[in-house]
Amino acid sequence: GAVVSQHPSRVICKSGTSVKIECRSLDFQATTMFWYRQFPKQSLMLMATSNEGSKATYEQGVEKDKFLINHASLTLSTLTVTSAHPEDSSFYICSAMSGPYNEQFFGPGTRLTVL
Amino acid sequence: LAKTTQPISMDSYEGQEVNITCSHNNIATNDYITWYQQFPSQGPRFIIQGYKTKVTNEVASLFIPADRKSSTLSLPRVSLSDTAVYYCLVGDMYSGYSTLTFGKGTMLLVSP
């Protein structure tokens with residue numbers, strides 16, 4: 001149980017285009033999902049907290065207009081990287097919170113490469 | 001959230017027991033300690049969680065002393081597939097535990 005999927009697993013796009021990444025909780029409902037970014041050989045950095053039916057809460061330094069988050073249902077959150085640039089190339093990981101201890105279950109990640 | 005400190009890296013050999021210690025001097029009363037494992041290009045995977053004393057599951061054991069200012073993840077008889085980065089996190093479960101702050105983690109390298 002508690003499986004989280006992400007789609008796509010990897011994407012390559014041209015600079016200036018927008019890319020949407022989906023995060024789904026497959027066998028549970030999650031009112032709260034999180035989006036992280038991880039650069040090579042670095043730790044995960046929380047970008048934003050996504051709450052179903054409300055606006056996302058962004059961490060300091062993360063541009064909300066660039067990284068659009070939509071949490072339209074209890075099983076799906078999407079992250080759209082708008083007008084992507086090469087510096088946005090990174091590993092994007094989502095997690096979904098569930099269970100009595102608010103445990104976070106992580107997706108497999110999405111490798112974004114912006115040319 | 002309490003800050004955590006772990007060794008940057010550790011080396012071991014197959015079949016050995018590995019103990020990774022994490023310091024969290026500012027842990028709060030309601031904080032739980034959670035360990036995650038991450039392989040390259042994959043999301044973190046939950047290993048074990050505890051509040052005090054000892055917790056054991058099929059994968060690992062977690063030792064937490066009485067003052068809770070540190071914790072030790074114990075991996076029995078490691079194999080090559082245990083080579084990964086291990087993260088120790090501390091957070092308040094019942095107030096939401098909503099944000100996880102990942103430290104640098106410990107890169108464990110298991111050799112034949």
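First the proteins, then the strands, lettered A, B, ... as listed; each starts at 1.
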Engineer: Check the hydrophobic clustering (I, L, V, M, F, W, Y; side-chain heavy atoms under 4.5 Å; chains of links allowed) and say if B/V59 and B/L80 are grouped together.
Structural biologist: yes
Engineer: Once you round to the nearest 0.5 Å, how far does OG of A/S95 lie from OH of B/Y36?
Structural biologist: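 OH of B/Y36 is found 7.5 Å from OG of A/S95.
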Engineer: Does the side chain of A/I93 reach to within under 4.5 Å of the side chain of B/P44, using non-hydrogen atoms?
Structural biologist: yes
Engineer: Before giving the answer on side chain to side chain contact (heavy atoms under 4.5 Å, CB included), spell out for B/Q42 and A/F106 the whole-Å C-alpha distance, their side-chain angles and the decisive distance to 0.1 Å.
Structural biologist: CA-CA 9 Å; B/Q42 294 187 29; A/F106 287 83; over 6 Å; no
Engineer: Is A/Y58 reachable from A/M33 through a run of hydrophobic residues whose side-chain heavy atoms are each under 4.5 Å from the next?
Structural biologist: no
Engineer: Give, as side chain, backbone, both or neither, the part of A/Q6 having an atom under 4.5 angstrom from any heavy atom of chain B.
Structural biologist: neither
Engineer: Which pairs pass salt bridge (charged side-chain N to carboxylate O under 4.0 Å, His left out) with one or both residues in residues 77-90 of chain A, sequence neighbours excluded?
Structural biologist: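 Pairs touching residues 77-90 of chain A that pass the test: A/K66-A/D88.
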Engineer: Grouping I, L, V, M, F, W and Y whenever their side-chain heavy atoms are under 4.5 Å apart, do B/M10 and B/I47 come out in a common cluster?
Structural biologist: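 As far as the 4.5 Å side-chain criterion goes, B/I47 and B/M10 are connected within one cluster.
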Engineer: Go through the atoms of B/F39 and report whether side chain, backbone, both or neither lie under 4.5 Å from a heavy atom of chain A.
Structural biologist: neither
Engineer: Which residues, ordered by chain and number, are linked to B/F63 in its hydrophobic cluster, where ILVMFWY side chains connect at heavy-atom gaps below 4.5 Å, directly or through other members?
Structural biologist: none
Engineer: Out of curiosity, does A/F34 fall in the hydrophobic cluster containing A/F67 (side-chain heavy atoms, cut-off under 4.5 Å, transitive links)?
Structural biologist: no
Engineer: Under 4.5 Å, heavy atom to heavy atom: which of residues 103-112 of chain B reach chain A? Give them by number, or say none.
Structural biologist: B/G103, B/K104
Engineer: Assess the pair B/F102 and A/Y36: is the distance between their ring centroids shorter than 6.0 Å?
Structural biologist: yes
Engineer: Counting neighbours of NE2 on A/H85 that are heavy atoms of other residues, nucleotides or ligands and sit closer than 6.0 Å, is the number greater than 12?
Structural biologist: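 Yes, the 6.0 Å shell around NE2 holds more than 12 heavy atoms from other groups.
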Engineer: On a heavy-atom basis, which atom in A/L44 and which in B/Q38 lie closest, and how many Å separate them?
Structural biologist: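 Closest approach of A/L44 to B/Q38: CD1-OE1, 3.5 Å.
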Engineer: Of the non-hydrogen atoms in A/Q38 and B/Y87, which two are nearest, and what is the gap between them?
Structural biologist: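 Heavy-atom minimum between the residues: NE2-OH, 3.5 Å.
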Engineer: For residues A/V62 and A/V19: do they belong to one hydrophobic cluster (side chain heavy atoms under 4.5 Å, members Ile, Leu, Val, Met, Phe, Trp, Tyr)?
Structural biologist: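 Cluster IDs for A/V62 and A/V19 match.
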Engineer: Flag yes if more than 12 heavy atoms outside B/Y51 fall under 6.0 Å of its OH atom; otherwise flag no.
Structural biologist: yes
Engineer: Give every residue pair that meets the salt bridge (charged side-chain N to carboxylate O under 4.0 Å, His left out) criterion with at least one member in residues 4-16 of chain B, sequence neighbours excluded.
Structural biologist: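 Every pair satisfying salt bridge (charged side-chain N to carboxylate O under 4.0 Å, His left out) with a residue in residues 4-16 of chain B: there are none.
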